[in-house]
Amino acid sequence: MRDRSGFGWLELIVGILLLALGVLVFAVPDIILTGMVYAFGAAAIVMGTADILLFIRVERYTGFGPILSLVTGIVSVLSGVSLLIYPRLGATLLTLLFPVWFIAHCISRLMQLHHIRLVAGEGMYVFTLVVNIVGMVLGFLMLFSPLFTLSAIRCFAGCYLLLLGIDSLLVAFSRVGMRR
């Protein structure tokens with residue numbers, strides 16, 4: 001194995017954006033749903049792109065990549081683009097797309113756990129595992145109860161985006177975020 005030769009800049013940027021978005025969700029409680037649609041569309045594109053780039057990076061070094069990261073990355077990017085193109089329809093569909101995005105991103109992160117444990121250690125492994133299990137539970141809860149989603153989306157979104165931001169920052173500063 002080679003020594004560390006870089007820093008996890010992409011994860012750092014994603015983490016900062018997710019933290020900012022999470023704070024914005026709490027700081028501006030009267031934010032209109034259309035604004036949330038644009039913000040979450042942009043976040044889905046950024047996170048999906050990060051998943052696709054992870055697939056490419058891992059595939060380059062190992063000869064194969066976590067195909068689920070590629071698939072969930074593509075789903076995230078397509079969901080984000082559709083939210084930006086059709087914000088009114090997106091506001092209506094947010095009750096379905098938002099939980100699907102939560103679930104897709106959590107599955108992608110859970111598929112990367114083995115790599116995280118090997119490179120970043122047990123602490124990062126446990127944190128990532130817990131955050132993404134919580135995200136899966138919230139995603140399925142929102143998916144099966146759209147009225148609940150509409151009433152609690154700001155709280156769920158803000159908390160989970162903050163957790164995702166912290167997770168991304170930890171990955172950026174750990175050896176997982178480093179180039180090899």
Side-chain angles (χ1 to χ4, degrees), residues 8-23 25-26 36 39-59 62 64-80 83 94-145 148-149 152-178:
W9 288 106
L10 179 63
E11 288 292 336
L12 178 68
I13 293 168
V14 168
I16 291 170
L17 288 174
L18 289 171
L19 285 173
L21 185 58
V23 168
V25 168
F26 283 115
M36 288 179 67
F40 290 122
I45 291 170
V46 169
M47 292 173 65
T49 302
D51 285 342
I52 292 168
L53 291 175
L54 173 78
F55 168 81
I56 293 168
R57 231 185 289 154
V58 170
E59 194 272 333
T62 63
F64 64 92
I67 193 71
L68 205 50
S69 288
L70 177 64
V71 171
T72 58
I74 291 170
V75 168
S76 289
V77 169
L78 291 176
S79 296
L83 287 173
L94 189 60
T95 58
L96 177 63
L97 290 177
F98 193 67
V100 169
W101 174 54
F102 259 47
I103 294 166
H105 182 73
C106 290
I107 290 171
S108 174
R109 284 292 200 191
L110 289 171
M111 299 309 296
Q112 301 166 16
L113 280 177
H114 178 70
H115 181 68
I116 290 171
R117 176 183 267 169
L118 289 175
V119 177
E122 197 70 26
M124 185 66 193
Y125 168 82
V126 170
F127 182 79
T128 302
L129 177 68
V130 169
V131 165
N132 288 290
I133 288 174
V134 167
M136 292 271 300
V137 169
L138 291 176
F140 280 109
L141 182 63
M142 289 187 294
L143 187 63
F144 293 119
S145 180
F148 179 70
T149 303
I153 197 167
R154 184 175 62 91
C155 182
F156 282 160
C159 290
Y160 192 63
L161 288 169
L162 290 173
L163 286 174
L164 282 176
I166 292 168
D167 182 53
S168 290
L169 289 176
L170 289 173
V171 169
F173 287 102
S174 73
R175 291 182 301 188
V176 173
M178 304 295 178

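In what follows, residues are counted from 1 in the order of the sequence shown.
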Could you list all the salt bridge (charged side-chain N to carboxylate O under 4.0 Å, His left out) pairs where at least one residue sits in [range], not counting sequence neighbours?
range	value
residues 95-115	E11-R109, R109-D167
residues 135-145	none
residues 39-50	none
residues 41-50	none

Could you pull out all residues at least two apart from D51 that satisfy salt bridge (Lys or Arg N to Asp or Glu O under 4.0 Å)?
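In terms of salt bridge (Lys or Arg N to Asp or Glu O under 4.0 Å), with neighbours along the sequence ignored, D51 is linked to no residue.
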Hey, does L163 have a side-chain heavy atom less than 4.5 Å from the side chain of C159?
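Result no, sub-4.5 Å side-chain heavy-atom pair not found.
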Under 4.5 Å between any side-chain heavy atoms of M47 and L17, yes or no?
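Counting from C-beta outward, M47 and L17 never come under 4.5 Å.
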Considering residues at least two apart in sequence or located in another chain, which fulfil the side-chain hydrogen bond (donor to acceptor under 3.5 Å, both in side chains) criterion with T49?
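Applying side-chain hydrogen bond (donor to acceptor under 3.5 Å, both in side chains) to T49 gives none.
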Write down the atom of [X], the atom of [Y], and the distance for their closest heavy-atom approach.
X	Y	result
A172	L12	CB-N, 3.5 Å
A50	V14	CB-CG2, 4.2 Å
L21	A43	CD2-CB, 3.6 Å

Any residue meeting side-chain contact (heavy atoms from CB on, under 4.5 Å) with [X], in chain and number order, not counting sequence neighbours:
X	result
L70	I52, F55, I67, I74
L110	L113, L129, N132, M136
S76	W101

Is a side-chain donor or acceptor of S168 paired with a backbone partner of L164 at a separation under 3.5 angstrom?
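The answer is yes, because a donor-acceptor pair under 3.5 Å joins these two groups.
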Interatomic distance, [X] atom [atom1] to [Y] atom [atom2] [nearest 0.5 angstrom]:
X	Y	atom1	atom2	value
I133	T128	CD1	OG1	11.0 Å
C106	M111	SG	CE	13.5 Å
H105	S79	NE2	OG	13.0 Å

Residues 118-127, side-chain donor-acceptor partners within the protein, below 3.5 Å, at least two apart:
from : atom 1 : to   : atom 2 : distance (Å)
E122 : OE1    : R117 : NE     : 3.4
E122 : OE2    : R117 : NH2    : 3.2

